[in-house]
**Student:** 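Got a structure here, written out as structure tokens. Questions coming.
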Amino acid sequence: MSDPMSCPEFFQNPYPFYYELRSAAPVKQVTTGSGGRPSYLVTGYAEAKAAFTDPGLSKDTTRFFADRPSGRNLHPAVAHTMLATDPPEHTRLRRLVTKAFTTGAVTRLRPYIRHTADHLLDGLPKDGKADLVAGLAVPLPVTVICQLLGVPEADRAQVRTWSNDLFAAGQPQRIDEASHAVAGYMTDLIEAKRRTPDDSLLHHLIAVRDEGEKLSEDELVSLAVLLLVAGHETTTNFIGNAILALLQHPGLLDRVRTEPRELSSLLDELLRYDAPVGIATFRYSTQAITLGETEIPAGVPVLISPGAANRDPAHYPTPDRPDADRDARGHLAFGHGIHRCLGAPLALAEAEIALGGLLARFPGLRLAVTPEELRWRRTRLMRGLESLPVLTR
């Protein structure tokens, strides 16, 4: 079938498309990309969870595209990140940064996250119109991950622009140019920190590299770029989508206002309801595999959709309604298995602090436009708002 994710309506609301695809088959062959490449799209929950850990699926993009000519010009630091590797390379690289994102490490960051969120909330009008994407959902995670890595404050707006360009669906030249810009910037920043060391995570990685550990210079740049981009993109979407879900479901909003302590347990359901990642990063079959009842030949891309899987009625009854009493801890918004999102604890902390502070300060918060007027990012991988206009009173 033709690419189901190419029409404007998909970006506005992908869930009816996912429903039709899943109803036909939870694993279905589709065509994607400008070349109409055959791929398999996984929209069922059980099948997606199995695919995340199937040993017959690889993330090694270098191997897959080695003998496939391409007109793309992605910088290697963006094209070949830790996300595009298999064990043992993936295991080695992930181990270098895991400690920075543990629950304990994030707990120590919470005062800084709260201070940053309070500063941003101070800047919102008390009685007027605000954009909660530009005013909160973007700058909070950008500021936190840049602080963690040691990116100077003056550079953070440009970093956000490059990051946004990397997910510009249907604009390969824009994506490629952004990849070279952000990789070049990170290369220069690494050299600057070699000359002037600090206590940032990036300096720690530089020390690992320079002390002769198994980390090449190219891998250092790539890892830094990945942490910079992945460290805020999904969280931005998470915060924006969660605010929207609460504003569109007054009963849920009232419950959180009445019992603020319930917010932390509700975050998993908000992630399930409108996942910040629509399609997980690239995988392909290294051998013939079976997902559900579908046989997949070797050598083809397999696209796993957390957004679709989290709305599978076979696993989550009434999936199109957020339910504060649902146990959604098994959602796939952060993936599953060895590639599960490294920054999940940080994302949850940022969202809890952002939403809690916002709702406490603005009891009259409501949408300033109709849901149909909301503008969504035109990217298949990410599911997020371009803006979220609200009235603060």
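Values below: every heavy atom of this structure, side chains too, minus hydrogens, waters and symmetry copies.
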**Student:** Taking the side chain from T392 and the backbone from L365, do they hold a donor-acceptor pair closer than 3.5 Å?
**Tutor:** no

**Student:** Take the angle between the ring planes of W162 and Y185 and call it parallel below 30°, perpendicular above 60°, tilted in between.
**Tutor:** tilted

**Student:** What orientation do Y45 and Y316 show, parallel under 30°, tilted 30 to 60°, or perpendicular over 60°?
**Tutor:** perpendicular

**Student:** Under 3.5 Å, is there a donor-acceptor pair linking the side chains of D268 and H331?
**Tutor:** yes

**Student:** Taking all non-hydrogen atoms of both residues, which atom of P276 and which atom of L271 are closest, and how far apart?
**Tutor:** CD-CD2, 3.7 Å

**Student:** Do the charged groups of K59 and E89 touch, with an N to O distance under 4.0 Å?
**Tutor:** no

**Student:** Establish, yes or no, whether a centroid distance under 6.0 Å links the rings of F65 and Y284.
**Tutor:** no

**Student:** Is there a path of hydrophobic side-chain contacts, each under 4.5 Å between heavy atoms of I, L, V, M, F, W or Y residues, that connects F282 with I289?
**Tutor:** no

**Student:** Do you know the tightest heavy-atom contact between A309 and A48?
**Tutor:** CB-CB, 3.8 Å

**Student:** Under the salt bridge (charged side-chain N to carboxylate O under 4.0 Å, His left out) criterion, do E219 and R92 qualify, and how do the steps go?
**Tutor:** CA-CA 11 Å; E219 288 173 334; R92 170 176 58 84; 2.8 Å; yes

**Student:** With hydrophobic residues grouped by side-chain heavy-atom distances under 4.5 Å, do V78 and L215 end up in a single group?
**Tutor:** yes

**Student:** Please confirm whether R377 makes a cation-pi placement over F11, using NZ or CZ under 6.0 Å from the six-membered ring centre and within 45° of the ring normal.
**Tutor:** no

**Student:** Take R383 and Y15 through the side-chain contact (heavy atoms from CB on, under 4.5 Å) test and state the conclusion after the steps.
**Tutor:** CA-CA 11 Å; R383 163 75 176 161; Y15 297 108; 4.1 Å; yes

**Student:** Answer yes when E177 and R174 have at least one side-chain N-carboxylate O distance shorter than 4.0 Å, and no when they do not.
**Tutor:** no

**Student:** Any side-chain to backbone donor/acceptor pair from Q12 onto L374? Under 3.5 Å, distance only.
**Tutor:** yes

**Student:** Mind listing the closest non-hydrogen atom pair of L149 and A224 along with its distance?
**Tutor:** CD1-O, 4.1 Å

**Student:** For side-chain contact (heavy atoms from CB on, under 4.5 Å), just list the numbers for L57 and T286, CA-CA rounded to whole Å, side-chain angles, deciding distance to a tenth of an Å, and then say yes or no.
**Tutor:** CA-CA 6 Å; L57 292 179; T286 58; over 6 Å; no

**Student:** Do L385 and L166 sit in the same hydrophobic cluster, where Ile, Leu, Val, Met, Phe, Trp and Tyr count as joined when their side-chain heavy atoms come under 4.5 Å apart?
**Tutor:** yes

**Student:** In terms of ring plane angle, is the pair H115 and Y112 parallel, tilted or perpendicular, where the classes change at 30° and 60°?
**Tutor:** tilted

**Student:** Tabulate below the donor-acceptor pairs under 3.5 Å that side-chain atoms of residues 343-356 make, not counting sequence neighbours, or state none.
**Tutor:**
none

**Student:** Within the 3.5 Å criterion, strictly below it, is a donor on T370 or E373 matched to an acceptor on the partner's side chain?
**Tutor:** yes

**Student:** Can you see whether Y273 has R311 sitting over its ring - NZ or CZ less than 6.0 Å from the centre and within 45° of the normal?
**Tutor:** yes

**Student:** Is it true that D165 and R160 have a side-chain N and a carboxylate O under 4.0 angstrom from each other?
**Tutor:** no

**Student:** Does a side chain donor of either E233 or S163 reach within less than 3.5 Å of an acceptor in the other side chain?
**Tutor:** yes

**Student:** Give me the atom names and distance for the closest heavy-atom approach of W376 to D274.
**Tutor:** CH2-OD2, 3.8 Å

**Student:** I'd like to know if E269 pairs up with R272 as an ion pair, taking the criterion as any Lys NZ or Arg NE/NH1/NH2 lying under 4.0 Å from an Asp or Glu carboxylate oxygen.
**Tutor:** yes

**Student:** Would you say the side-chain atoms of T318 pair up with the backbone N or O of R321, donor to acceptor, closer than 3.5 Å?
**Tutor:** no

**Student:** Strictly below 4.0 Å, N to O, side chains only: are D60 and R283 in salt-bridge contact?
**Tutor:** no

**Student:** Using distance only, find each side-chain donor-acceptor pair of residues 129-145 under 3.5 Å and give its atom names and separation, not counting sequence neighbours.
**Tutor:**
{"residue": "D131", "atom": "OD1", "partner": "V133", "partner atom": "N", "Å": "3.0"}
{"residue": "D131", "atom": "OD1", "partner": "L388", "partner atom": "N", "Å": "2.8"}
{"residue": "T143", "atom": "OG1", "partner": "P139", "partner atom": "O", "Å": "2.6"}

